[in-house]
> 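One structure, pasted below without further comment.
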Amino acid sequence: MVDLKRQYLKIKDEVDAAVLNVLESTAFIGGPDVQGFGKELSEYLGVKHVIPCANGTDALQIALMALGLQPGDEVITPSFTYIATVEVVALLRLKPVFADVDADTFTFNIDSVRKSITSKTKAIIPVHLYGQCVNMEPLLALAAEHNIPVVEDNAQAIGSLYTFSNGRKAKSGTMGIIGCTSFFPSKNLGAYGDGGAMFTNDDEMAEKLKMIANHGQKVRYYHEMVGCNSRLDTIQAAILRIKLRRLDEYCYARRQAADYYDRAFKNHPKLTTPYRAPYTYHVFHQYTLKVEGFDRDLLVSKLAEKGIPAMLYYPVPSHRQNMLKEFTENTNYDLKVTEELQGKVVSLPMHTELTEEELHFITSSVLEILG
Ligand SMILES: *Cc1c(COP(=O)(O)O)cnc(C)c1O
């Protein structure tokens, strides 16, 4: 699905030198690379504060902790997402409430979010799934109308842009009160291990996020609130600084691969290529097709026979996970589109190093199998 080796070889000299530099400095925690990366990322995103942490799941957890929610408060999330989005809600003893997604964008259906709002709703988490932004303008308006904070799950869309109707552009993850991202190796900005970050334009919120990620302390050994221990490794920060300089190039390479796939599958009666919403710049964390009129799982196994990995993101939607039974057992969710998509979606290999030859092999194999 991803080829990290070829990408590494292109930046090997720089990366190796940066890692060696950290080893020789023996400053493994914090230091100039973590600070430098935070500053460079905040400049790239056009956001006031970047608070690095250990991974994307922690980023979401710390963001929710910083909102000061009470057990039982409701948090609206899509069910059609990676489990981390919902898991942190349950972990903090908050109540996940699932809204449906749109069949074309795979992201939040705003009407469904509206219907999910109650007097107990205390946060909304839009997930910029597969690399494109949720339609943030109507979502932010809806949230503002009810005074509900918005925390963006930007793990799959770093580098993506949103365009407001007045022409203003904002990077994904910088529109809600807090944005969260992951530097898991296969993400668009991937480290060589775990990593994550939170973004905010709010000074007070930035302080709070920093404190929570650092055992609830501002002054060492004086703990003002219950926090956790969530740091970005210095070695990972050093690597991320190098990769951040190439993030736009990496996103562009993914878009080029997506263009190739689109051309090959255009107008195919059994395939729907990913819709590119006009308000967002899609950075194709995943290239996800909808398969209709052909057994999707058969397509996956036939591709596997040819050595082509194809994946289901995700085979079981959150509201059907055993983990969340206590929240779903007695609730009748109207998640028609989520249920439908779950049986149709398939993601093809997507990374920055796909060659024309590989793309040709993948696309011709798909077309051959579909007949
Ligand atoms: C990857 C991912 C996360 C979690 O990130 P980790 O760094 O693996 O903890 C959260 N949400 C979404 C949508 C993701 O894709």
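Predicted model, so just to flag it, every value in this text is computed and none were measured. The figures that follow rest on heavy atoms only: side chains count, while hydrogens, waters and symmetry mates do not. Both ligands and their constituent atoms are indexed starting at 1 by order of listing.
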> Tell me whether the count of non-hydrogen atoms from other residues, nucleotides or ligands lying under 6.0 Å of NZ in Lys270 goes above 12.
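Above 12, so yes.
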> Using a strict cut-off of 4.0 Å, indicate which atoms of ligand 1 neighbour a heavy atom of Asn55.
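Here the atoms of ligand 1 in question are 7 (O), 9 (O).
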> Tell me, please, which residues at least two apart from Tyr287 pass side chain to side chain donor-acceptor pair (under 3.5 Å).
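Side chain to side chain donor-acceptor pair (under 3.5 Å) list for Tyr287, sorted by chain: Asp262.
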> Please confirm whether Ser182 comes within less than 3.5 Å of ligand 1 when only nitrogen or oxygen atoms on both sides are compared.
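Yes - when backbone and side-chain N and O of Ser182 are compared with those of ligand 1, one distance drops under 3.5 Å.
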> Would you please determine whether Lys187 falls within less than 4.0 Å of ligand 1 on a heavy-atom basis?
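Checking ligand 1 against Lys187, which is what was asked, there is a heavy-atom contact under 4.0 Å.
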> Considering the options Asp203, Thr200, Asp202, which one meets the side-chain hydrogen bond (donor to acceptor under 3.5 Å, both in side chains) requirement together with Lys48?
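Single side-chain hydrogen bond (donor to acceptor under 3.5 Å, both in side chains) partner of Lys48 among Asp203, Thr200, Asp202: Asp203.
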> Please identify which atoms of ligand 1 are closer than 4.0 Å to at least one heavy atom of Ala155.
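Once the distances to Ala155 are compared, the set is 2 (C), 3 (C), 10 (C), 11 (N), 12 (C), 14 (C), 15 (O).
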> What residue and atom, counting heavy atoms only, is the protein's closest point to atom 15 (O) of ligand 1, and at what distance?
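Result for atom 15 (O) of ligand 1: Gln156 NE2, 2.8 Å.
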> Indicate if Ile76 and Leu324 have the same hydrophobic cluster label, given that clusters are the connected sets of ILVMFWY residues with side-chain heavy-atom separations under 4.5 angstrom.
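Yes, it is one cluster - the side chains of Ile76 and Leu324 are joined through contacts under 4.5 Å.
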> List the steps, then state whether salt bridge (Lys or Arg N to Asp or Glu O under 4.0 Å) holds for Glu358 with Arg6.
CA-CA 14 Å; Glu358 288 164 330; Arg6 273 183 273 171; 2.7 Å; yes
> What protein heavy atom is closest to atom 11 (N) of ligand 1, reported as residue, atom name and distance in Å?
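Going atom by atom, the protein heavy atom closest to atom 11 (N) of ligand 1 ends up being Asp153 OD2, 2.8 Å.
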> Do Gly56 and ligand 1 have an N or O pair less than 3.5 Å apart?
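Yes; at least one N/O pair falls below 3.5 Å.
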> Are Ile117 and Leu67 co-members of a hydrophobic cluster defined by side-chain heavy atoms under 4.5 Å apart?
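The answer is no; the residues belong to distinct hydrophobic clusters.
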> Within a distance under 4.0 Å of any heavy atom of Ala84, pick out the atoms of ligand 1 and give their elements.
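That gives atoms 4 (C), 10 (C) of ligand 1.
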> Nearest protein heavy-atom contact for atom 4 (C) of ligand 1: which residue, which atom, what distance?
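For atom 4 (C) of ligand 1, the nearest protein heavy atom comes out as Thr57 OG1, 3.6 Å.
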> State plainly whether the residues Lys171 and Glu152 are in salt-bridge range, i.e. N to O under 4.0 Å.
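Result for this pair is no, no salt bridge flagged.
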